[in-house]
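Single-structure report; data block below.
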Amino acid sequence: MDAFALLREKVLGCTACALSQTRTNVVFGVGNPQADVLFVGEGPGEQEDLTGEPFVGRGGQLLDKMLIAAGFSRTTNIYIANMVKCRPPGNRDPKPEEVAQCIGYLREQTRIIAPKYIVCLGRVAAQSIIDPSFKVTKQHGQFVQKAGVWLMGTFHPAAILRNPNNKPDAFDDLCKLRDHIEAGI
Ligand code: URA
């Protein structure tokens, strides 16, 4: 078994925090572990908990459409994971202690995938990975480099569903990502 498959096995059996008691499935992540781009969401919702795959609900379907239109897909050139691997009950934000317990798994995933880009989907991921005071409405689509990796935050798909006015900006962010990669910066 390779390092990524071993990590997956470990995470699927995790009981480190209380979320493990209410989950149906651990949502480890999906996509190409050799990809240059890692997308990071917040945590599984109901559909993700039921299926074990990230972003499969209404928001996920919208995300997939936007990704494909910008030249990305979860089956080829990206990997998608979450800050926490188990569903916070009632879709509440994950608690800081739950993130603290789980973040090591995302760090391990990141170390193995070794992405050139990390795209944070929404405030929770962006504030944890890019900057604790990150404001999605103000800073979305801006690239910052940390430890040799380009980081960018954009709208969470659920925020686009809540406010469809965000959709053109969110799509533009994905197009900027594609252009940034193609420019080979
Ligand atoms: N929202 C997230 O942040 N992640 C998912 O996997 C699904 C919904």
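Both counts, for ligands and for their atoms, begin at 1 and track the order of listing.
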- Message: So that I can tick it off, tell me whether Arg74 and Glu53 are bridged by a salt bridge, with the cut-off set at under 4.0 angstrom between side-chain N and carboxylate O.
- Response: yes
- What's the shortest distance from atom 4 (N) of ligand 1 to any protein heavy atom, and which residue and atom give it? Asn82 OD1, 2.8 Å
- Item | atom 2 (C) of ligand 1 [closest protein heavy-atom partner, distance rounded to 0.1 Å] | Gly43 O, 3.0 Å
- Answer yes or no for Val27: is there a heavy-atom contact with ligand 1 below 4.0 Å? no
- Message: Can you name the atoms of ligand 1, numbered from 1 with element, that are less than 4.0 Å from a heavy atom of Pro54?
- Response: 6 (O)
- Query: Just which atoms of ligand 1 are under 4.0 Å from any heavy atom in Gly41?
  - Reply: 3 (O)
- Task: Measure from atom 1 (N) of ligand 1 to every heavy atom in Glu46, His156, Glu42 and give the option owning the shortest one.
- Result: His156
- Hydrophobic cluster identity match, Leu50 and Val30, side-chain contacts under 4.5 Å: no
- Query: Same hydrophobic cluster for Met66 and Ile118, using side-chain heavy-atom links shorter than 4.5 Å among ILVMFWY?
  - Reply: yes
- When you look at CZ of Arg8, are more than 12 heavy atoms from neighbouring residues, nucleotides or ligands closer to it than 6.0 Å? no
- Answer yes or no: does atom NZ of Lys176 have more than 12 heavy-atom neighbours from other residues, nucleotides or ligands under 6.0 Å? yes
- Message: If you measure every N or O of Phe55 against every N or O of ligand 1, does any of those distances drop under 3.5 Å?
- Response: yes
- Query: Is the backbone N or O of Asp93 less than 3.5 Å from a side-chain atom of Glu42, with the two atoms forming a donor-acceptor pair by type?
  - Reply: no
